[in-house]
Amino acid sequence: RDWSSDVCSSDLVWVCLGCFGYTLLGLEQMKQDISNNNMTIESLHNAYILANQMAKNDLSIHHKAKAIFNNLECGNSTSNISNLWNEFRLITINELEIIYKRLGIVFDEYDWESKYSKEKIQDVLKKLNKMGILELKEDGSTVVLFNNQKITILKNDNSTLYLTRDIAAALRRYKYYGSEDLFYVVDNTQSKHFYLLKSLIAQINSNINVHHIPFGRIHGMSSRKGQGILLDQLLNQAKLHLILSDNVDIKQIPDNLKFE
């Protein structure tokens with residue numbers, strides 16, 4: 001996922017559609033030259049924090065960020081905005097590869113749920129409509145009928161939700177990779193989300209099994225509040241702790257914990 005607010009979220013948040021608008025507005029306020037090649041996850045993170053702080057006293061910041069998100073998802077953004085979105089994703093991938101290399105981890109592919117915009121979920125909507133469980137509400141939003149509940153799947157401004165994009169992502173992974181078992185390691189506050197995802201996916205394609213692997217919520221971590229730590233910083237702190245420990249021989253410290 002690319003939206004949780006745990007230790008690693010600060011490294012992943014820049015590929016989150018909902019965070020993109022805040023980040024852009026923060027960079028503008030910081031007078032950051034967004035055309036240069038000096039942007040990092042940390043600088044994008046700082047811009048995101050700044051914009052969220054500004055939004056506490058200026059509601060227009062929230063509306064502007066939401067408009068940027070909606071235009072990007074619906075394909076109405078300018079080419080400059082779309083290019084910046086892709087650039088932020090590239091910055092994220094490049095830095096993540098360096099960080100994961102320190103841990104001895106290599107991924108074959110990065111597949112964000114945020115890449116499944118409204119344009120790319122039309123097949124999902126058609127499938128749900130064909131199943132007879134899609135309903136258009138008076139306020140313009142689209143809901144799915146499930147267990148006598150109405151679950152919003154498309155907001156009245158035509159933007160999608162995580163649930164919508166996760167369904168699209170799951171179906172694509174099955175189509176292209178034959179993935180029958182999908183595992184999501186996300187904290188337990190998202191249990192309801194994955195219950196809905198598992199239930200709806202089972203109705204659409206019974207060959208796909210969604211598995212939520214929950215863990216306890218990490219307290220004191222919030223990307224938007226600036227209460228967090230980047231993963232590379234955490235690794236450096238771990239290395240420093242080992243170096244300062246009297247019980248550890250520095251030669252025994254793994255090379256992948258080296259400072260960057």
Side-chain angles (χ1 to χ4, degrees), residues 1-5 8-96 110-122 124-125 139-142 152-169 193 222-228 230:
R1 313 259 321 159
D2 37 340
W3 48 267
S4 60
S5 52
C8 300
S9 69
S10 299
D11 296 323
L12 299 176
V13 76
W14 319 119
V15 290
C16 170
L17 281 169
C19 305
F20 178 66
Y22 285 100
T23 305
L24 272 187
L25 296 173
L27 289 171
E28 290 178 0
Q29 183 66 24
M30 294 165 62
K31 311 298 183 185
Q32 174 81 33
D33 182 4
I34 55 179
S35 64
N36 64 30
N37 297 318
N38 296 321
M39 283 191 292
T40 63
I41 285 179
E42 185 171 7
S43 61
L44 296 177
H45 184 207
N46 291 336
Y48 176 70
I49 294 171
L50 175 61
N52 274 280
Q53 291 174 340
M54 294 164 53
K56 291 180 179 179
N57 301 315
D58 185 355
L59 194 58
S60 68
I61 298 295
H62 171 72
H63 294 313
K64 290 177 182 177
K66 184 178 179 181
I68 292 172
F69 156 71
N70 191 43
N71 287 333
L72 181 65
E73 193 190 31
C74 294
N76 298 325
S77 294
T78 64
S79 58
N80 287 339
I81 296 297
S82 297
N83 289 340
L84 279 172
W85 164 247
N86 291 323
E87 184 178 345
F88 286 9
R89 289 176 62 179
L90 185 59
I91 290 170
T92 302
I93 291 174
N94 290 340
E95 290 203 33
L96 284 179
Y110 289 87
D111 188 38
W112 325 105
E113 53 83 13
S114 56
K115 83 179 195 179
Y116 297 91
S117 62
K118 181 175 180 289
E119 296 176 331
K120 297 181 180 179
I121 61 144
Q122 294 306 308
V124 172
L125 298 178
D139 65 358
S141 62
T142 303
T152 303
I153 203 164
L154 204 63
K155 291 186 280 189
N156 57 12
D157 61 2
N158 284 325
S159 59
T160 62
L161 288 89
Y162 287 118
L163 180 61
T164 327
R165 298 193 292 271
D166 270 342
I167 293 173
H193 169 85
S222 172
S223 295
R224 65 170 55 91
K225 295 179 181 179
Q227 298 172 347
L230 299 178

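All values derive from a computational prediction rather than experimental measurement.
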K.L.:
I need the Glu42 CD to Glu95 CD distance, nearest 0.5 Å.
P.N.:
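That separation rounds to 9.0 Å.
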K.L.:
How many angstroms lie between CE in Met39 and CG in Leu90, if you round to the nearest 0.5 Å?
P.N.:
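One gets 10.5 Å once the value is rounded to the nearest 0.5 Å.
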K.L.:
Any side-chain heavy atom of Tyr22 within less than 4.5 Å of one from Ile49?
P.N.:
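Not touching, per the 4.5 Å side-chain cut-off.
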K.L.:
What verdict does the side chain to side chain contact (heavy atoms under 4.5 Å, CB included) test give for Leu27 and Leu44, after you've listed the backbone C-alpha separation in whole Å, the side-chain angles of each residue and the deciding distance to 0.1 Å?
P.N.:
CA-CA 8 Å; Leu27 289 171; Leu44 296 177; 4.0 Å; yes
K.L.:
Atom CG in Asp139, atom NZ in Lys155: separation rounded to 0.5 Å?
P.N.:
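Answer rounded to 0.5 Å: 12.5 Å.
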K.L.:
Taking the six-membered ring for Trp, are Phe69 and Phe20 closer than 6.0 Å centroid to centroid?
P.N.:
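Centroid distance Phe69-Phe20: not below 6.0 Å, so no.
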K.L.:
Over all heavy atoms of both residues, which pair between Ala55 and His62 is shortest? Give the atoms and the distance, please.
P.N.:
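Shortest heavy-atom contact: CB-N, 4.4 Å.
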K.L.:
Is there a side-chain contact between Leu163 and Thr152 in this structure, where contact means two heavy atoms from C-beta onward sitting under 4.5 Å apart?
P.N.:
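Not touching, per the 4.5 Å side-chain cut-off.
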K.L.:
Out of Ile91, Asn86, Thr92, which one pairs with Arg89 under the side chain to side chain contact (heavy atoms under 4.5 Å, CB included) rule?
P.N.:
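Testing Arg89 for a side chain to side chain contact (heavy atoms under 4.5 Å, CB included) against Ile91, Asn86, Thr92 leaves exactly one candidate, Asn86.
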K.L.:
Nearest 0.5 Å please: distance from the OG atom of Ser77 over to the CG atom of Leu72.
P.N.:
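The CG atom of Leu72 is 4.5 Å from OG of Ser77, to the nearest 0.5 Å.
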K.L.:
Can you check whether His45 reaches Thr23 side chain to side chain, under 4.5 Å on heavy atoms?
P.N.:
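Side chain of His45 against side chain of Thr23, heavy atoms only: no contact under 4.5 Å found.
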K.L.:
How long is the span from the NZ atom in Lys64 to the CE atom in Met54, to the nearest 0.5 Å?
P.N.:
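That separation rounds to 7.5 Å.
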K.L.:
Give the C-alpha distance, both sets of side-chain angles, the deciding distance and a yes or no for side chain to side chain contact (heavy atoms under 4.5 Å, CB included) between Leu154 and Leu125.
P.N.:
CA-CA 9 Å; Leu154 204 63; Leu125 298 178; 4.2 Å; yes
K.L.:
Please identify each residue that fulfils side chain to side chain contact (heavy atoms under 4.5 Å, CB included) with Asp58, with sequence neighbours left out.
P.N.:
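With neighbours one apart ignored, the set is Ser60, Ile61.
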K.L.:
Would Asn80 and Thr78 count as having a side-chain donor-acceptor pair, cut-off 3.5 Å?
P.N.:
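No pair is found: no donor N or O on one side chain lies under 3.5 Å from an acceptor on the other.
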K.L.:
Measuring only between side-chain heavy atoms, which start at C-beta, is Leu50 closer than 4.5 Å to Gln53?
P.N.:
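A side-chain contact exists here, since the closest heavy-atom pair is under 4.5 Å.
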K.L.:
Does the side chain of Phe88 come within less than 4.5 Å of Leu24's, by heavy atoms?
P.N.:
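In short, these two side chains touch, coming nearer than 4.5 Å.
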K.L.:
Only counting residues at least two apart or in another chain, list the ones meeting side-chain hydrogen bond (donor to acceptor under 3.5 Å, both in side chains) with Asn83.
P.N.:
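Asn83: no side-chain hydrogen bond (donor to acceptor under 3.5 Å, both in side chains) contacts found.
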K.L.:
Could Arg165 and Glu73 be called an ion pair, given the rule that one side-chain N must be under 4.0 Å from one carboxylate O?
P.N.:
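So Arg165 pairs with Glu73 through a salt bridge.
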K.L.:
Would you say the side-chain atoms of Asn70 pair up with the backbone N or O of Lys66, donor to acceptor, closer than 3.5 Å?
P.N.:
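Checked: no pair found.
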K.L.:
Nearest 0.5 Å, what's the OG1-CD1 distance between Thr142 and Ile153?
P.N.:
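The OG1 atom of Thr142 sits 8.5 Å away from the CD1 atom of Ile153.
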